[in-house]
Peer 1: 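Let me begin by handing over the structure; questions about it come next.
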Amino acid sequence: MASTSPVFLRLMANAVAVANHAGNIIREVMSKGDLGIVEKGVNDPQTEADRRAQQCIIGNLNKKFPLMSVIGEEDLAQEIDVELVSDIDKEVLNLKCPEDLVNVPEQDFVVWVDPLDGTAEYTEGMLDHVTVLIGIAHKNRPVGGVIHQPYYNYKNDKAGLGRTLWGIPGVGVGGFNPVAPPEGKRLVVTTRSHMTPVVQQALDSLKPDEILRVGGAGYKVMLLMEGKATAYVFASPGCKKWDTCAPEAILTAMGGRLTDIHGDPYSYASTEMHPNRRGVLAAAKSDDHKWFVENIPDAVKQLVKS
Ligand code: AMP
Ligand code: MG
Ligand code: MG
């Protein structure tokens with residue numbers, strides 16, 4: 001069965017398994033207590049967990065799909081031999097493949113990997129903000145996404161620790177139940193650790209009922225997917241393609257939208273520059289997305305463009 005499945009489904013099913021394995025690594029590094037923090041730039045930490053999770057994900061995907069481009073956040077000098085993850089997610093493998101992806105060969109996919117999104121929050125103990133993001137693009141657009149949340153339920157001993165969410169536009173989502181945001185309220189989620197005057201200016205002009213400040217692009221989009229926020233607004237160039245590819249795929253699969261703050265989609269071609277220079281604007285309902293595009297002031301839009 002597996003060998004006759006379309007490459008895309010094998011890729012998605014492997015992405016789920018390696019994301020789960022990366023989650024084990026992230027918990028193991030934390031439980032050992034030495035995070036091995038290195039500063040990559042201003043307010044941009046990397047830990048041993050970021051490094052080892054990326055080695056696991058990219059090492060495995062490169063072994064299983066050697067012709068495919070896999071782009072990871074971390075710039076790691078040396079390749080090491082990684083432990084091969086032998087399991088594969090059977091439920092995802094047995095999904096119906098989107099018609100236009102059935103015969104696509106591995107070299108035509110591009111995979112964007114954020115091995116640990118929300119590193120600042122990881123180091124500060126806000127563990128539910130941490131996610132592993134694996135986004136799959138074809139013809140520049142996200143066609144599949146996996147978000148693993150290693151510390152889901154970590155405050156509840158009786159529930160299972162961690163969960164994995166996936167989405168394929170045209171097929172559906174799994175690992176969670178989509179919930180619509182509350183009607184008649186504007187709940188905006190944004191950065192907690194990368195605030196700038198322009199991000200604040202955008203938020204002020206939208207007159208939100210509530211502003212939620214949480215870490216990571218993955219966790220913010222999860223709040224949209226589960227009805228905790230109306231829109232994710234980040235009028236700043238700091239977010240990268242590996243932050244948005246997987247969340248965009250899942251959000252799109254449930255009818256939402258993720259674009260720049262002008263309302264234009266990003267391209268996820270392998271040659272694309274990494275930063276999302278024109279900011280991020282996402283919503284679980286396309287009507288909400290439209291409202292936010294229209295209501296972000298031109299002055300802000302002029303300040304956030306490539
Ligand atoms: P945040 O919403 O601040 O948690 O950021 C979401 C993602 O974008 C995380 O992966 C951050 O590391 C990244 N990011 C946002 N702004 C910056 C920045 N100014 N410098 C580095 N990374 C950033
Ligand atoms: Mg990130
Ligand atoms: Mg990261």
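Given the structure is predicted, the values throughout are model-derived calculations rather than measurements. Counting starts at 1 for both ligands and their atoms, following the listed order.
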Peer 1: Under 4.0 Å from a heavy atom of Gly215: which atoms of ligand 1 are those, numbered in the order shown and with their elements?
Peer 2: 4 (O)
Peer 1: Short list, please: which atoms of ligand 1 are under 4.0 Å from a heavy atom of Lys220?
Peer 2: 1 (P), 2 (O), 4 (O)
Peer 1: Are Arg163 and His148 side-chain neighbours, meaning at least one heavy-atom pair lies under 4.5 Å?
Peer 2: no
Peer 1: Can an N, O or S atom be found in Leu116 less than 2.8 Å away from the Mg ion (ligand 3)?
Peer 2: yes
Peer 1: Working to the nearest 0.5 angstrom, can you tell me the gap between Leu203 CG and Thr190 OG1?
Peer 2: 5.0 Å
Peer 1: Can you find a heavy atom in the side chain of Pro6 that is under 4.5 Å from one in the side chain of Leu101?
Peer 2: no
Peer 1: Any side-chain heavy atom of Pro237 within less than 4.5 Å of one from Asn276?
Peer 2: no
Peer 1: Give the residue and atom name of whichever protein heavy atom lies nearest to atom 13 (C) of ligand 1, and the separation in Å to one decimal.
Peer 2: Gly238 O, 3.7 Å
Peer 1: Consider every N or O of Asp243 and every N or O of ligand 1, then say whether any pair is closer than 3.5 Å.
Peer 2: yes
Peer 1: Any idea which heavy atoms bring Ser5 and Arg10 closest together, and the distance?
Peer 2: O-NE, 3.8 Å
Peer 1: Please determine if His194 has a nitrogen or oxygen closer than 3.5 Å to a nitrogen or oxygen of ligand 1.
Peer 2: yes
Peer 1: In terms of relative ring orientation, are Trp112 and Trp242 parallel, tilted or perpendicular, with 30° and 60° separating the classes?
Peer 2: tilted
Peer 1: Number the atoms of ligand 1 from 1 as they appear, then name those within less than 4.0 Å of a heavy atom of Ser193, with their elements.
Peer 2: 3 (O)
Peer 1: From Glu73, does some N, O or S atom reach closer than 2.8 Å to the Mg ion (ligand 3)?
Peer 2: yes
Peer 1: Of the backbone and side-chain N, O or S atoms of Asp114, does one lie nearer to the Mg ion (ligand 3) than 2.8 Å?
Peer 2: yes
Peer 1: Report yes if the side chains of Val146 and Leu165 come closer than 4.5 Å at any heavy-atom pair, otherwise no.
Peer 2: no
Peer 1: Considering only heavy atoms from C-beta outward, does the side chain of Phe292 approach that of Leu206 to under 4.5 Å?
Peer 2: yes
Peer 1: Would you call Pro181 and Asp288 a side-chain contact if the rule is heavy atoms closer than 4.5 Å?
Peer 2: yes
Peer 1: Which residue holds the protein heavy atom closest to atom 9 (C) of ligand 1, what is that atom called, and what is the gap in Å?
Peer 2: Asp117 OD1, 3.5 Å
Peer 1: Quick one: does Ser236 get an N or O within less than 3.5 Å of an N or O on ligand 1?
Peer 2: no
Peer 1: Tell me which protein heavy atom sits closest to atom 22 (N) of ligand 1, plus the residue, atom name and distance to 0.1 Å.
Peer 2: Lys240 NZ, 3.5 Å
Peer 1: Is there a polar contact between ligand 1 and Gly216, counting only N or O atoms under 3.5 Å apart?
Peer 2: yes
Peer 1: Would you say Arg192 and ligand 1 have an N/O pair spaced under 3.5 Å apart?
Peer 2: no
Peer 1: Starting from atom 6 (C) of ligand 1, find the nearest protein heavy-atom neighbour and note its residue, name and distance.
Peer 2: Ala217 N, 3.6 Å
Peer 1: As a test of reading the structure, name the N/O/S atom of Asp243 that is nearest the Mg ion (ligand 2).
Peer 2: OD1
Peer 1: Please work out which of the three classes, parallel, tilted or perpendicular, describes the rings of His129 and Tyr219, given edges at 30° and 60°.
Peer 2: parallel
Peer 1: Can you tell me which N/O/S atom of Asp117 has the shortest distance to the Mg ion (ligand 2)?
Peer 2: OD1
